[in-house]
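Below: one structure, written as structure tokens.
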Amino acid sequence: MKLIAIITFLLMNAFSVFGMAATPAWHTSKIKSVYPQANGRVVFTFVDDAPSCPNANSPKYHYLSVGDNGVTQEGLNNMLSVALTAAATGREVAINFDADTNGCQINRLLINFE
């Protein structure tokens, strides 16, 4: 038991030291807009704003970019494809984003077809 407590303490400190501690939040809504930018980032806005996204934009911006919140280029391409499919078919998406950042960086995106 003592070993588990020590390992837990060390992991918690490691995340805070390296800035890897994020507050993941889920949000489900239809996509209002998709705005690809010249720097490779993609901005999403949603019909319903995510209450846990701290940015002050109206509607709130959610960013998808390589290197932010663990996103790779392949991940960005896959999520953008799913997002455009959802928008074109009028389906809701569920996103997981970092609620500790003003950019509300997306890490995962899900579309249900049921």
Practice problem: Please work out whether the ring planes of Phe46 and Phe44 are parallel, tilted or perpendicular, with thresholds of 30° and 60°. | Solution: parallel

Practice problem: Look at the side-chain heavy atoms of Ile, Leu, Val, Met, Phe, Trp and Tyr, link any pair under 4.5 Å apart, and say whether Val82 and Phe113 land in one connected group. | Solution: yes

Quiz prompt | Shared hydrophobic cluster, Val66 / Val34 (ILVMFWY, side-chain heavy atoms < 4.5 Å) | solution = yes

Quiz prompt | Val93 reachable from Leu76 in the ILVMFWY side-chain graph, under 4.5 Å edges | solution = yes

Exercise. Give a yes or no on whether the backbone of Pro59 and the side-chain of Asn57 come within a donor-acceptor separation of less than 3.5 Å.
Key: no

Quiz item: Do the side-chain N and O atoms of Ser65 and Asp68 include a donor-acceptor pair separated by under 3.5 angstrom?
Solution: yes

Quiz item: Counting only N and O atoms by type, is there a donor-acceptor contact under 3.5 Å from the side chain of Asp98 to the main-chain atoms of Asn69?
Solution: no

Self-check item: Expected output: side-chain His27 to main-chain Asp48 donor-acceptor under 3.5 Å
Solution: yes

Quiz prompt | Nearest-0.5 Å distance, CZ of residue Phe97 to CG of residue Leu64 | solution = 13.5 Å

Quiz item: Looking only at heavy atoms, which two atoms of Ser52 and Ala25 are closest? And how far apart?
Solution: OG-CB, 3.5 Å

Quiz item: Once you round to the nearest 0.5 Å, how far does OH of Tyr63 lie from OG1 of Thr101?
Solution: 10.5 Å

Self-check item: Cluster overlap Ile111 with Val42, hydrophobic side-chain contacts below 4.5 Å
Solution: yes

Exercise. Kindly say whether Ser81 contributes a backbone atom to a donor-acceptor pair with the side chain of Thr85 at under 3.5 angstrom?
Key: yes

Practice problem: Could you tell me the separation between the NZ atom of Lys30 and the OG1 atom of Thr28, rounded to the nearest 0.5 Å? | Solution: 13.0 Å

Quiz item: Rounded to the nearest 0.5 Å, how far does SG of Cys53 lie from CD of Gln105?
Solution: 9.0 Å

Quiz prompt | Neighbour count >12 (heavy atoms, 6.0 Å) for atom CD, Gln73 | solution = yes

Self-check item: Taking every non-hydrogen atom, the tightest pair across Trp26 and Arg108
Solution: CZ2-NH1, 3.9 Å

Quiz item: If two hydrophobic side chains count as joined below 4.5 Å and joins carry through other members, does Ile106 share a cluster with Tyr61?
Solution: no

Quiz item: Does the Asn39 side chain pair with the main chain of Arg41, one donor and one acceptor, at a distance under 3.5 Å?
Solution: yes

Quiz prompt | Distance-minimising heavy-atom pair for Lys32 and Val47 | solution = CB-N, 3.8 Å

Practice problem: Hey, could you give me the NE2/CG distance between His62 and Asn96, rounded to the nearest 0.5 Å? | Solution: 11.5 Å

